[in-house]
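One structure below.
Just so we're on the same page: letters track the sequence lines, and every chain starts at 1.
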Amino acid sequence: MIPHPFRYHRAGSLAEAQSLLQGEAKLLAGGQSLIPAMKTRLAAPSDLIDISHLSELSFVRAEKEALAVGAGATHHVVSTHADVVRLLPALGLLARDIGDPAVRYRGTLGGSLANNDPAADYPAAVLALDATIRTTKRQIAAEDFFLGMFATALEEDEIILEVRFPVPQKAAYAKFRNPASRYALAGVFVAQHADGVRVAVTGAGACVLRLPAMEQALDRHFHPSALEGIAVDQDLLQSDLHASAEYRAQLVKVMAHRAVKAAVETGP
Amino acid sequence: MVNGERREAKVEDRAMLVEVLREQLGLTGTHIGCDTSQCGACIVHLDGVPVKSCTLFAVQAEGAEITTIEGVAKDGALHPLQEEFREHHGLQCGFCTPGMVMTALDFLKRNPSPSRAEIRHALEGNFCRCTGYHNIVDAIEAAAKRMRP
């Protein structure tokens with residue numbers, strides 16, 4: 001399969017990437033979603049600006065009660081970095097199960113968020129952990145970032161620099177993967193913070209979403225038993241050839257149960 | 001650099017690395033299976049780590065060190081991992097084997113004493129339609145024992 005022609009640029013600095021990012025140009029980070037989309041001609045940018053060599057975007061930094069991860073950090077780096085393992089192992093485990101090893105060596109946090117695939121894993125972590133996305137223009141709260149299927153609050157010429165994850169008291173992620181594609185049919189990230197529990201679901205809806213009924217129940221009692229009898233609204237979920245909304249609703253309940261159980265047993 | 005030799009090719013910006021390896025450099029050991037980033041038959045090492053060469057533009061690899069399956073055997077002698085694939089009948093048609101070997105080489109570097117479950121997790125991006133994976137896992141397990149210092 002052959003993509004539409006485009007011009008390739010390897011950015012030597014963030015400033016150069018910024019100046020090239022005009023019109024129909026697109027940023028190329030790991031390319032693990034963008035390149036397949038270009039090969040099937042679902043995407044046809046005029047120019048690709050390769051930012052994968054910008055070392056200033058590829059970092060993990062422990063901060064006071066938070067973990068900052070550069071947009072260019074690959075899933076492999078996130079899954080193995082000592083600070084992630086120490087402060088936020090749930091995020092490391094999530095990254096460890098994205099795609100496959102070759103995808104994890106190329107794919108990046110920033111790329112995943114900018115793409116906002118409805119079945120991507122990272123959006124669930126970003127939303128449940130109440131992370132902040134720092135860009136070349138501003139700071140965007142997770143709540144305001146994910147707008148819909150493949151849609152985000154990013155402007156055309158805005159570049160994600162880093163994501164700052166507050167360290168929760170407890171957190172865990174559980175997903176049920178489509179046995180063929182291995183994408184999440186339903187993935188649930190649960191995080192208990194000092195000011196409350198957040199539950200975010202990916203894969204099941206058109207876009208990552210929170211489940212307030214579960215959050216309130218878990219605020220009262222952070223235990224899998226608190227989820228008994230809580231219905232998941234099927235109208236929030238997708239029906240497609242992979243699964244019905246009814247089935248996804250059931251998967252969300254089971255994954256939420258597993259995530260809470262794991263969080264209770266293992267900590268953050 | 002490809003398999004330790006400096007190689008030059010003039011390519012279109014949109015040419016995939018796998019096409020350039022196969023058609024311009026004559027390295028046909030790297031296979032195109034699905035061409036949709038799923039099967040892993042095209043995996044090569046780019047600066048020491050496995051990547052899908054059908055999901056990387058050749059221009060992205062400019063200046064990088066690439067190792068293909070042709071670069072794994074040294075001086076005519078198969079790598080121990082390759083020998084174990086043969087020993088354990090870890091292939092039938094052989095189409096997926098180059099990708100399997102390139103993935104397993106990196107995996108054993110990171111995890112010299114893997115469990116069978118860990119081997120299977122590492123192979124999630126490599127499809128084999130012949131063997132049912134069982135003998136591939138055997139081969140990698142045996143290679144791990146042999147390769148441990």
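- Within 6.0 Å of CD on E56(A) lie more than 12 heavy atoms contributed by other residues, nucleotides or ligands.
- Using a distance-only test at 3.5 Å, with no hydrogens or angles considered, no donor-acceptor pair links the side chain of K52(B) to the main chain of V103(A).
- In this structure, chain B has heavy atoms under 4.5 Å from both the backbone and the side chain of R96(A).
- Residue R106(A) holds its CZ atom at 12.0 Å from OG of S37(B), rounded to the nearest 0.5 Å.
- With respect to chain A, the highest number of heavy-atom pairs below 4.5 Å among E12(B), E62(B), Q38(B) belongs to E62(B).
- Remark: R104(A) does not engage E124(B) in a salt bridge, criterion side-chain N to carboxylate O under 4.0 Å.
- For R14(B) (side chain) and H4(A) (main-chain N/O), no donor-acceptor pair under 3.5 Å exists by modelled atom type.
- The number of heavy atoms from other shown groups lying within 6.0 Å of CZ (R258(A)) does not exceed 12.
- The two atoms that bring T55(B) and G31(A) nearest to each other are CG2-O, 3.8 Å, heavy atoms only.
- Of the residues considered (D50(A), I35(A), T80(A)), I35(A) shows the highest number of contacts with chain B, using heavy-atom pairs under 4.5 Å.
- Heavy-atom distances place the side chain of L28(A), and not its backbone, under 4.5 Å from chain B.
- Interatomic distance, CE of M38(A) versus CZ of F57(B), reported as 4.0 Å (0.5 Å rounding).
- Atom CG of residue D97(A) and atom NE2 of residue H121(B) lie 4.0 Å apart, to the nearest 0.5 angstrom.
- In terms of modelled atom types and a separation under 3.5 Å, the side chain of K39(A) and the main chain of C54(B) share a donor-acceptor contact.
- Between chain A and the residues L46(B), I32(B), T103(B), V59(B), the most heavy-atom pairs under 4.5 angstrom are made by V59(B).
- With a 4.5 Å cut-off on non-hydrogen atoms, M16(B) touches chain A through its side chain but not through its backbone.
- Heavy-atom pairs under 4.5 Å with chain B peak, among R177(A), H76(A), R182(A), H53(A), at R177(A).
- Within a 6.0 Å radius of CZ in R86(B), no more than 12 heavy atoms belonging to other residues, nucleotides or ligands are found.
- With a 4.5 angstrom heavy-atom cutoff, Y105(A) touches chain B only via side-chain atoms.
- Among D106(B), V49(B), V51(B), N126(B), the residue making the largest number of heavy-atom pairs under 4.5 Å with chain A is V49(B).
- For F6(A), the CZ atom sits in a packed shell: over 12 heavy atoms of surrounding residues, nucleotides or ligands are nearer than 6.0 Å.
- Salt-bridge formation is not detected for the pair R7(A)/D13(B): no Lys NZ or Arg NE/NH1/NH2 atom is positioned less than 4.0 Å from an Asp or Glu carboxylate oxygen.
- The environment of I2(A) atom CD1 is sparse: at most 12 non-hydrogen atoms of other residues, nucleotides or ligands sit within 6.0 angstrom.
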